[in-house]
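Some notes on the structure that comes next.
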Amino acid sequence: MQPLQALLLTIVFQVILYFCVGNKKRYIFTSLVFLTVISAYLFIYPPLFIHYKSNSYIKCGLPVLSVYFTFWGLGTVSALVIHLVYILRSGKSGNTRK
């Protein structure tokens, strides 16, 4: 599995979990999903996708940097955008009472 495939699968998983919650205003559950996804992007995924070659004489950090940028940059931003869109969407539908 490539890093972008893992990123897309995690995005789909996050959206599915938010739709399962619905508009029930479970802030603890949505916050837990958000923090779990962010921690996966920051701490779990990058070490899984970095392949170190022990016989290589050239120590280039560029492949490692691209994996970290993919998950830290794109993953964190996508999780934050999905979370904010969910909060704004559920906030508009929840303010129907006056």
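All heavy atoms count here, side chains included; hydrogens, waters and symmetry mates do not. As the structure is a prediction and not an experimental result, all values here were calculated from the model. We number each residue from 1, following the sequence as shown.
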Check: Which pair of heavy atoms, one from Ile38 and one from Ala79, lies closest together, and at what distance?
Finding: CD1-CB, 3.8 Å

Margin query: Please tell me whether Val85 and Leu17 are part of a single hydrophobic cluster in this structure, the criterion being side-chain heavy atoms less than 4.5 Å apart.
Written below: no

Notebook entry, point to check: What heavy-atom pair brings Tyr86 and Tyr18 nearest, and what distance separates the two atoms?
Noted result: CE1-O, 3.6 Å

Next item on the list: Return yes if some donor-acceptor pair links the side-chain N/O of Thr76 with the main-chain N/O of Gly73 below 3.5 Å, else return no.
Entry: no

Item checked: Shared hydrophobic cluster for Ile16 and Ile11 (ILVMFWY, side-chain gaps under 4.5 Å) -> no

Margin query: As an exercise, state the distance from SG of Cys20 to CZ of Phe29, rounded to the nearest 0.5 Å.
Written below: 7.5 Å

Item checked: Sidechain-backbone polar pair: Ser31 side chain, Ile28 backbone, donor-acceptor under 3.5 Å -> no

Check: Where is the tightest heavy-atom contact between Gly75 and Tyr41, given as atom of each residue plus distance?
Finding: O-CE1, 3.0 Å

Next item on the list: Classify the angle between the aromatic ring planes of Trp72 and Tyr68 as parallel (below 30°), tilted (30 to 60°) or perpendicular (above 60°).
Entry: perpendicular

Checklist line | Considering all heavy atoms, the nearest His83-Thr30 contact | finding: CE1-O, 3.8 Å

Item checked: Minimum heavy-atom distance between Thr70 and Leu7, given as atom pair plus value -> O-CD1, 4.3 Å

Check: What heavy-atom pair brings Phe49 and Ala6 nearest, and what distance separates the two atoms?
Finding: CZ-CB, 3.7 Å

Margin query: If hydrophobic clusters are built from ILVMFWY residues whose side chains come within less than 4.5 Å, do Phe34 and Phe19 share one?
Written below: yes

Item checked: Common cluster, Ile82/Val12, ILVMFWY with side-chain heavy-atom separation under 4.5 Å -> no

Margin query: Tell me which one of Leu80, Val81, Leu74 satisfies side-chain contact (heavy atoms from CB on, under 4.5 Å) with Val77.
Written below: Val81

Checklist line | For Ile44, side-chain contact (heavy atoms from CB on, under 4.5 Å) partners two or more places apart | finding: Ala40, Leu48

Notebook entry, point to check: Do Ile87 and Leu32 belong together in a cluster built from hydrophobic side chains that touch within less than 4.5 Å?
Noted result: no

